[in-house]
Amino acid sequence: QVQLVESGGGLVQAGGSLRLSCAVSGRIFNSYAVAWFRQAPGNEREFVAGLRWSGASPTYTDSVKGRFTVSADNKNTVYLQMNNLRPEDTAVYYCATGPTILGAPQNYGNNYWGQGTQVTVSS
């Protein structure tokens with residue numbers, strides 16, 4: 001019903017920048033939020049940044065505050081601008097949307113997920 005496709009990942013040196021995009025199609029409700037997550041091998045999937053489709057409530061995990069910016073475009077595309085990248089930012093980045101994506105991790109399964117895009121930061 002809802003499909004999300006991430007793009008924009010790649011290999012960059014520490015201190016560099018990337019902008020990730022997530023194209024969303026299907027039935028999206030105004031009450032849904034949009035968020036970015038990341039997962040590295042051996043690690044749990046972690047929340048990175050998100051906001052509501054209205055643009056309200058942008059939020060970030062502490063490790064990316066001041067470096068990453070999340071934004072959305074007409075409930076069609078969500079972006080993650082990543083500046084001053086660090087090796088520890090290396091992961092597969094996923095976008096997701098749904099009614100509970102900004103809520104408790106136990107409810108993440110109630111939302112729609114993309115397939116991810118690889119970000120690798122070298123030192």
Side-chain angles (χ1 to χ4, degrees):
Q1 193 70 34
V2 177
Q3 296 183 22
L4 304 92
V5 180
E6 302 94 336
S7 62
L11 173 64
V12 298
Q13 292 182 315
S17 298
L18 284 174
R19 189 175 80 154
L20 306 184
S21 299
C22 177
V24 182
S25 62
R27 183 183 291 271
I28 303 298
F29 293 91
N30 186 251
S31 60
Y32 286 4
V34 198
W36 289 93
F37 294 76
R38 64 188 180 187
Q39 186 169 22
N43 294 107
E44 297 289 330
R45 180 176 54 190
E46 65 173 341
F47 173 82
V48 177
L51 81 172
R52 302 194 177 279
W53 281 112
S54 66
S57 304
T59 184
Y60 303 88
T61 192
D62 286 345
S63 65
V64 309
K65 287 180 179 178
R67 300 188 298 121
F68 291 11
T69 303
V70 64
S71 60
D73 179 18
N74 296 321
K75 296 203 295 186
N76 180 253
T77 309
V78 61
Y79 304 95
L80 185 67
Q81 177 67 48
M82 305 186 294
N83 298 325
N84 193 23
L85 284 161
R86 305 167 180 170
E88 54 263 42
D89 295 318
T90 296
V92 176
Y93 283 70
Y94 301 88
C95 65
T97 189
T100 61
I101 201 63
L102 297 183
Q106 65 185 5
N107 296 321
Y108 285 169
N110 298 327
N111 307 283
Y112 303 96
W113 294 81
Q115 291 187 288
T117 185
Q118 177 71 48
V119 172
T120 303
V121 184
S122 62
S123 61

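Heavy-atom basis, side chains included; hydrogens, waters and symmetry copies ignored.
- Each of L85, T90, T120, D89 was checked for a side-chain contact (heavy atoms from CB on, under 4.5 Å) with V12, and the lone residue meeting it is L85.
- No donor-acceptor distance shorter than 3.5 angstrom exists from the side chain of S21 to the backbone of Y79, with no hydrogens or angles considered.
- For the pair L20 and E6, the minimum side-chain heavy-atom distance is 4.5 Å or more.
- Heavy atoms only, all atoms of each residue included: A40 and A91 are closest at N-CB, 4.0 Å.
- Separation of atoms CG (L80) and OG1 (T117) is listed at 11.0 Å; rounding is to 0.5 Å.
- Annotation: the span from S63 atom OG to R86 atom CZ amounts to 7.5 Å, rounded to 0.5 Å.
- In this structure, Y94 and W113 have perpendicular ring planes: the angle between them is above 60°, well past the 30° mark.
- Linking Ile, Leu, Val, Met, Phe, Trp and Tyr whenever their side-chain heavy atoms come within less than 4.5 Å leaves V92 and Y112 in two separate clusters.
- Looking at heavy atoms from C-beta onward, I101 lies in side-chain contact with F37 at the 4.5 angstrom threshold.
- Atom CG of L18 and atom CG of L11 lie 9.0 Å apart (nearest 0.5 Å).
- Comment: D62 engages K65 in a salt bridge, judged by a side-chain N to carboxylate O separation of less than 4.0 angstrom.
- When all heavy atoms of S17 and Q81 are compared, the closest pair comes out as CB-NE2, 4.1 Å.
- Sorted by first and then second residue, the disulfide bond (SG atoms under 2.5 Å apart) pairs involving residues 92-123 (not counting sequence neighbours) are C22-C95.
- Between E46 and R38 there is a side-chain heavy-atom pair separated by less than 4.5 Å.
- Contact between Y60 and A49 at its shortest, heavy atoms only, is CD2-CB, 3.5 Å.
- Residues V2 and L51 share a hydrophobic cluster, clusters being chains of Ile/Leu/Val/Met/Phe/Trp/Tyr side chains in contact below 4.5 Å.
- One distance of note links OH of Y93 with OG of S7; it measures 15.0 Å at 0.5 Å rounding.
- Between the CH2 atom of W36 and the CZ atom of F47 there is a distance of 12.5 Å, given to the nearest 0.5 Å.
- A heavy-atom distance below 4.5 Å is not found between the side chains of V70 and F68.
- Under a cut-off of 6.0 angstrom, the local environment of CD in Q3 is sparse, with at most 12 non-hydrogen atoms contributed by other residues, nucleotides or ligands.
- Closest approach of A35 and L102 over heavy atoms only: CB-CD2, 4.2 Å.
- T100 and N111 are linked by a side-chain donor-acceptor pair at a separation below 3.5 angstrom, with hydrogens and angles left out of the test.
- Contact record, A14 with P87: CB-CD, 4.1 Å, taken as the closest heavy-atom pair.
- Interatomic distance, R67 CZ to T69 OG1, rounded to the nearest 0.5 Å: 11.0 Å.
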